[in-house]
Amino acid sequence: MLTNRPRRLRLNPAMRDLVRETRLHVKELIYPLFIVEGSGIREEIPSMPGQYHYSVDMLAGEIEEITRLGIGGVLLFGLPQEKDSVGSQAYCATGVVQNAVREIKRLAPQLLVITDLCMCEYTDHGHCGILDPDGYVNNDKTLEYLAKIAVSQAQAGADIVAPSDMMDGRVGAIRQALDENGFEKVAIMAYSAKYASNYYGPFRQAAASAPSFGDRKTYQMDYGNIREALRECEADIQEGADMIMVKPALCYLDVVSQVRQHFSQPLAVYSVSGEYSMLTNAVRQGILGEDVIWESVLAMKRAGADIIITYFAKYLAEKLR
Ligand code: PBG
Ligand code: ZN
């Protein structure tokens with residue numbers, strides 16, 4: 001006679017539901033949005049099937065759907081018409097993201113608006129900062145610009161700014177600039193452990209933000225490293241990060257798990273464009289069953305993520321209803 005029969009707990013859906021250890025709540029989901037200049041634009045992004053470029057005037061329907069679904073927030077990326085060496089459209093009061101923030105706050109004042117804070121979509125060279133003559137991204141000069149961008153995003157009404165540049169000391173510089181300008185209520189969600197990943201490919205096509213030369217390995221993290229991720233998180237927290245992030249998600253769940261064990265701050269994971277495109281293509285081609293999306297996102301939560309940034313946010317929210 002067997003005393004222990006673990007299969008009793010798997011007998012039917014009701015029993016499995018009762019004992020499930022990890023669940024997803026719709027408020028934990030953040031949905032990224034790509035905003036373009038111009039008007040009347042709602043165009044599918046070729047590298048990310050099911051995701052769209054929106055001009056600001058076309059956001060109303062999308063924001064209505066996101067709020068109806070109860071999604072926790074949106075993360076905004078801007079595609080400016082004009083780029084230059086210092087990314088000046090990133091801190092322009094009427095820049096594409098600033099306009100989008102104001103419009104979303106008008107449409108849905110309750111919805112959390114997070115602005116990605118980086119320069120690569122705005123610089124003509126596609127790097128995440130200001131270049132030295134030899135092409136090296138100058139850390140401290142970049143900090144001055146990141147601070148200006150943060151203040152301009154806060155002025156437009158962002159609730160949270162999310163620096164994704166990986167410069168040293170950026171969280172401190174941004175926190176100081178926000179406070180000096182009266183934005184002590186604006187929170188910082190730091191992309192703390194952001195790896196130099198191949199999984200950003202579809203995003204760089206979507207955001208026209210690929211570097212025109214070289215790569216991002218002098219600022220984003222080496223994917224062989226995990227202790228370094230803990231140092232990055234620690235530095236960001238000391239400088240005033242309210243939330244920390246690991247990015248990408250699926251290949252980095254060991255990092256998520258360790259960061260969760262070491263720090264108590266709210267922890268976000270970013271399930272990036274390459275993860276989205278891989279899963280979407282496999283499901284659309286019938287290679288993988290659709291439930292693989294659910295399996296993937298629960299794995300992120302099981303590893304310890306509190307907040308999940310995913311292009312599947314609307315899909316998951318629909319299923320949670
Ligand atoms: C900008 C930024 C990138 C992503 C988010 N913010 C691209 C990059 O670092 O090249 C990637 C997001 C995704 O792949 O979904 N620094
Ligand atoms: Zn960047």
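Order of appearance sets the numbers: ligands from 1, and atoms from 1 within every ligand.
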Just list the side-chain donor-acceptor pairs under 3.5 Å for residues 196-208, sequence neighbours left out, or say none.
| unit_1 | atom_1 | unit_2 | atom_2 | d |
| --- | --- | --- | --- | --- |
| Ser197 | OG | Tyr199 | N | 2.9 |
| Tyr200 | OH | Tyr195 | O | 2.6 |

Could you list the donor-acceptor pairs under 3.5 angstrom formed between side-chain atoms of residues 238-257 and any protein atom two or more places apart in sequence or on another chain?
| unit_1 | atom_1 | unit_2 | atom_2 | d |
| --- | --- | --- | --- | --- |
| Glu239 | OE1 | Val171 | N | 3.3 |
| Glu239 | OE1 | Gly172 | N | 2.8 |
| Asp242 | OD2 | Ile188 | N | 2.8 |

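When atom types are taken as modelled, the side chain of Glu103 and the backbone of Leu59 share no donor-acceptor pair closer than 3.5 angstrom. Ser55 places a side-chain N or O within 3.5 Å of a backbone atom of Ile41 that can act as its donor or acceptor partner. Checking side-chain atoms of Arg170 against main-chain N and O of Pro163 turns up a donor-acceptor pair under 3.5 Å.
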Protein N/O near ligand 1 N/O, under 3.5 Å, which pairs?
| unit_1 | atom_1 | unit_2 | atom_2 | d |
| --- | --- | --- | --- | --- |
| ligand 1 | 6 (N) | Asp116 | OD1 | 3.4 |
| ligand 1 | 6 (N) | Lys247 | NZ | 3.3 |
| ligand 1 | 9 (O) | Lys194 | NZ | 2.7 |
| ligand 1 | 9 (O) | Gln220 | NE2 | 2.8 |
| ligand 1 | 10 (O) | Arg204 | NE | 2.6 |
| ligand 1 | 10 (O) | Arg204 | NH2 | 2.9 |
| ligand 1 | 10 (O) | Arg216 | NE | 2.9 |
| ligand 1 | 10 (O) | Arg216 | NH2 | 3.3 |
| ligand 1 | 14 (O) | Ser273 | N | 3.2 |
| ligand 1 | 14 (O) | Ser273 | OG | 2.7 |
| ligand 1 | 15 (O) | Ser273 | N | 2.7 |
| ligand 1 | 15 (O) | Tyr311 | OH | 2.6 |
| ligand 1 | 16 (N) | Ser164 | OG | 3.2 |
| ligand 1 | 16 (N) | Lys194 | NZ | 2.8 |

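What you find for Leu320 and His25 is that their closest heavy atoms are CD1-C, 4.1 Å. Closest approach of Ala60 and Leu107 over heavy atoms only: CA-CD1, 3.8 Å. Closest of all the heavy-atom pairs between Met167 and Leu143 is CB-CD2, 3.9 Å.
Side chains of Ser152 and Gln98: a donor on one and an acceptor on the other come within 3.5 Å.
Protein N/O/S atoms found under 2.8 Å from the Zn ion (ligand 2): Cys118 SG, Cys120 SG, Cys128 SG.
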